[in-house]
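Shown next, in structure tokens, is the structure this report addresses.
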Amino acid sequence: MQATPFPTASVADSLTLFHQRAPLVHCLTNDVVQSFTANVLLALGASPAMVVDPGEAAQFSALADALLINIGTLEVSRADAMLAAIASATQAGTPWVLDPVAVGGLTYRTAFAQQLLTMKPAAIRGNASEILALAGEGSAGRGVDSGNDSWFALPAARSLAQRWSTCVAVTGEVDYVTDGQRDWAVSGGDPLMTRVVGTGCALSAVVAGFCALEGDRLAHVAAACAVMSRCGARAAQQASGPGSFIPGFLDALYAERGGVTV
């Protein structure tokens, strides 16, 4: 089965809704990427919040438009905050997104991610190795790095999506987004995006924001991937290396607020 290239017109539709909604995204994310994630969301026109105390996290997730759960720097108190936030978000009808960072390589986070699946995320965003491990199919990952190709992980992504009634984005040189029945392929990006910390984690936060939109959730998740990919490609054209890529990437995201560019 071949994945269908995601149409540019659908990106424009989702992005227009995103700018109109300006979603408030509650990010329980890893310590390494908090600032970058917040800047990416702000550049796109969303509002980020990083509330990590378990009591406050539960309270805030009910007020937010979307919740991100990123297990990159997982420890016990953070896990408690995540569980409390998910429970509150679920009760409030707030969509939440799972980023299963480094799942498969470490026992605690792998078991915790499997527990989170039973709480029904609206979407899952991970690299090929993470998606394979989350589906119980093994992987060739090394920490946060993927040793597998995204196309190779697409069947596992479909399986996860069908089992848990969710959307799964498996990202790589080409991003594949599936609900288990439909598949979208999102091309673009640039290898330079892998040479800075946080582009994948920030994408998961953007996916969470797009999950807050009305309409076809699978299309919105694919649109989030497409916006990040094309802004990364645009920034890489002007950058001389990772240091100049980051401000260029944020500028490219900010330019999307003034009208869709292709």
Side-chain angles (χ1 to χ4, degrees), residues 23-42 46-127 129-136 139 141 143-144 160-161 163-169 197-212 221:
L24 173 60
V25 184
H26 182 193
C27 301
L28 279 166
T29 191
N30 74 70
D31 295 337
V32 180
V33 303
Q34 285 193 19
S35 178
F36 182 67
T37 297
N39 283 332
V40 165
L41 288 171
L42 285 169
S47 296
M50 279 69 174
V51 180
V52 299
D53 174 79
E56 287 195 337
Q59 182 181 3
F60 194 83
S61 65
L63 304 174
D65 295 309
L67 170 66
L68 167 66
I69 300 295
N70 175 310
I71 63 172
T73 50
L74 186 66
E75 41 82 26
V76 173
S77 64
R78 187 67 58 87
D80 289 342
M82 290 175 174
L83 292 172
I86 292 169
S88 181
T90 300
Q91 185 175 16
T94 302
W96 69 277
V97 170
L98 172 62
D99 188 335
V101 178
V103 160
L106 297 167
T107 303
Y108 175 48
R109 73 182 53 241
T110 301
F112 185 66
Q114 292 293 340
Q115 178 185 356
L116 294 184
L117 285 177
T118 67
M119 301 176 79
K120 301 295 182 70
I124 302 166
R125 200 295 309 171
N127 65 36
S129 295
E130 291 162 348
I131 296 302
L132 286 164
L134 198 61
S139 71
V144 300
L160 276 174
R163 181 176 181 184
W164 299 110
S165 300
T166 189
C167 299
V168 179
V197 172
T199 52
C201 295
L203 170 57
S204 295
V206 173
V207 166
F210 274 72
C211 281
V221 172

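Just so we're clear, the structure is a prediction, and the values are computed from it rather than from any experiment.
Closest heavy-atom contact between A113 and L98: O-CD2, 4.3 Å. Taking every heavy atom of both residues into account, T90 and W96 meet most closely at OG1-NE1, 4.3 Å. Taking every heavy atom of both residues into account, P100 and G126 meet most closely at CD-CA, 4.4 Å. In this structure, L41 and C27 approach most closely via the heavy-atom pair CD1-SG, 3.7 Å. The two residues A84 and P54 come nearest to each other via the heavy atoms CB-O, 3.8 Å. Scanning all heavy atoms of the two residues, the minimum distance from L74 to A79 falls at CD1-CB, 3.9 Å.
T110 contributes atom OG1, which lies 7.0 Å from atom CD1 of I71 (distance to the nearest 0.5 angstrom). Note that CE of M119 and CD1 of I86 are 4.5 Å apart. Values are rounded to the nearest 0.5 Å. One finds the OG1 atom of T94 at 8.5 Å from the CG atom of L63 (value rounded to the nearest 0.5 Å). For the atom pair CG (L160) and CG (L117), the distance works out to 6.5 Å, reported to the nearest 0.5 Å. Here the CD-OG distance, from Q91 to S61, works out to 9.5 Å after rounding to the nearest 0.5 Å. Summarising the geometry, atom CG belonging to N70 is positioned 9.5 Å from atom CD belonging to Q34; distances are rounded to the nearest 0.5 Å.
Taking a 6.0 Å sphere around CD of Q114, one finds it holds more than 12 heavy atoms contributed by other residues, nucleotides or ligands.
Checking E75 against S77 by side-chain atom types alone, a donor-acceptor pair falls below 3.5 Å.
Each ring-ring contact (aromatic ring centres under 6.0 Å, His included) pair with one or both residues in residues 59-86, not counting sequence neighbours, appears once here: H26-F60.
A donor-acceptor distance shorter than 3.5 angstrom exists from the side chain of T166 to the backbone of A123, with no hydrogens or angles considered. No donor-acceptor pair closer than 3.5 Å links the side chain of D65 to the backbone N or O of V25.
Contacts of D31 classified as salt bridge (charged side-chain N to carboxylate O under 4.0 Å, His left out), with partners at least two apart in sequence or in another chain: R78.
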Atom pairs and distances, donor-acceptor, side-chain atoms in residues 197-212, under 3.5 Å, two or more places apart:
| from | atom 1 | to | atom 2 | distance (Å) |
| --- | --- | --- | --- | --- |
| T199 | OG1 | M193 | O | 2.9 |
| S204 | OG | D99 | OD2 | 2.7 |
| S204 | OG | R125 | NE | 2.9 |
| S204 | OG | G200 | O | 3.4 |

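Tested against I124, the residues I69, V97, I131 include a single side chain to side chain contact (heavy atoms under 4.5 Å, CB included) partner, I131.
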